[in-house]
Amino acid sequence: MVSQNTAAGECDVLVIGSGVGGLLTALKAARLGRVVVVTKRAAMESTTRYAQGGIASVMDGSDSYAAHVEDTLAAGAGICRASVVEMVVQSGPRAIRELMQLGARFSTQHDSSALELGREGGHSANRIVHFKDVTGREVERALYAAVRAEPRITLLEDTLAVNLLGGRRSVACDQDAAIEGAYVMNAEGGITPFMARVTVLATGGCGKAYLYTSNPDVATGDGIALAFRAGARVANMEFVQFHPTCLYDPAGSRFLVSEAVRGEGALLRNAAGEEFMARYDARRELAPRDVVARAIDQEMKRRGDKCVHLDVRHRGVDFLRRRFPNIYATCEEMGLRMEKDLVPVVPAAHYMCGGIVVDVHGRTDLRALYAVGETSCSGLHGANRLASNSLLEALVFAENVVADIEARGMPPMPRAAPPWSAAGTTPSFETVVLDHDWDAVRRLLWDYVGIVRSDERLELAAARLGLMREAIEGYYWRYRLSSDLVELRNLALVGELIVRCARFRRESRGLHHTLDWPQTSSEFQGDSMVSRFAGPSLLGTDEPLVTAAGG
Ligand code: SIN
């Protein structure tokens, strides 16, 4: 028998993931007891770190909460939860002030200490609080430093959550079943049950389900897969946001060129040098990003081009170097000078608007399990996220989750879970098979479940993914687990959830655009809900997202 079992651990609050949502939740939860953050690579290697644009928040008198709410609802295409949108928008200034107190720096205007507020697609005002073009990196730096200085927090890097403990594992099972921590895998492959009174999922998105993505390698949808397998509902997985402008690199990597570049006046041109956005939308380059991404996709397909171009030459080198130092340097590495050259760009998978269903407190369907940030579906984004609302959501929900744990009182420590059993598994597994399946899943999603969909492509995707998932589940039960296998299993499950929700929604709305159902239909005015026991089914936006004991 192969043993992957190592000594067990326990804590009051177990946070899985180390982006802005995870680190801020941990910091706040430290006042309630011992906190452990597990993160599968280095702590700073989160999707947050790559967020360029910033944090949307109403910060001056020329803007208003009502306008930010209206822009968010408009982008969300009729299925945002208005009460959640209002709560998040109104919490923005407090969240920004708190980050500043924690040491995060934000860009200020040339001639004063007032914040420099950027503009992005879909926003009717300048309200993007940012630090140059590396906002996520700066926020992550400040939070990481604060976490390291907090003695009640233990940070376990290179530690991957394999499965949640407890939960609802069958239809017959107690609906109120609690989550009791997780089995986690260390860098050597040892697997430990980690007991916790409360578990918080903050694992970010699942951009790696697609061949081309702006997301880092860690974005394999782990939280969604863990919660789904434990019996929590997941919603709106069809709403995958494609960022319109990632740097086109024939080798495949997709570096983000922030929407803020268009906010500073960049134009989009096709390969013939023609401006084209006016043909697609009156708001041109500052239309919401689903509109811009579809326009680019259509323009590339119409002309048979591999990319389009951003033209920001008129802003001059001094401005570009100061405002976009990271983008400028990356372009320069590719031999491009933004003040002289057009920048080749393509859309790539960027953000998952759906996820684990949570209420305003971040409670999931399962007791003692919360979720924050991109891994969750809170009702803020609806069918399409407004630019720079994501860091905002994670900051606000970190506060709500910890306030809720405090208000309800910490549940008792669960009984020790059995050690991990690797009985019946064999040690070796050919890496080439995993690599092949990894690429196959990502190509399938990119080709068949991309920016524009059709019934036929979705049907093919469902059939092929079903076979791949069956094979991957087989490896999971037969072979000694590796982190690659755990991630592949999660990625394939998340891919299947995207396809299931996309097939269910027989309309086009927000980010879900299908050739066979090109209109928005009032029949689908709601969230597509799916669990391992039922669905997909539709939940109206006037119905509460979480009704069970939750949290
Ligand atoms: C960007 O900088 O364009 C990305 C911002 C976001 O995804 O909210």
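Counting starts at 1 for both ligands and their atoms, in listed order.
Heavy-atom minimum distance, V85 versus G379: CG2-O, 4.2 Å. Shown here for A293 and I451, the closest heavy-atom pair between the two residues is O-CD1, 4.3 Å.
The stretch residues 100-109 participates, sequence neighbours left out, in these side chain to side chain donor-acceptor pair (under 3.5 Å) pairs: R105-E138.
Applying the side chain to side chain contact (heavy atoms under 4.5 Å, CB included) test to R457 and every residue at least two apart in sequence or in another chain returns Y448, S454, L515. With sequence neighbours excluded, the residues forming a side chain to side chain contact (heavy atoms under 4.5 Å, CB included) with P544 are T547, listed by chain and number.
A ring pair (Phe, Tyr, Trp, His ring centres under 6.0 Å) with Y212 holds for exactly one of F255, Y248, W446, F242; it is W446.
The 4.0 Å heavy-atom shell around ligand 1 contains residues Q52, G53, E120, H243, L256, S258, E259, R289, H350, R385, A387, S388, ordered by chain and number.
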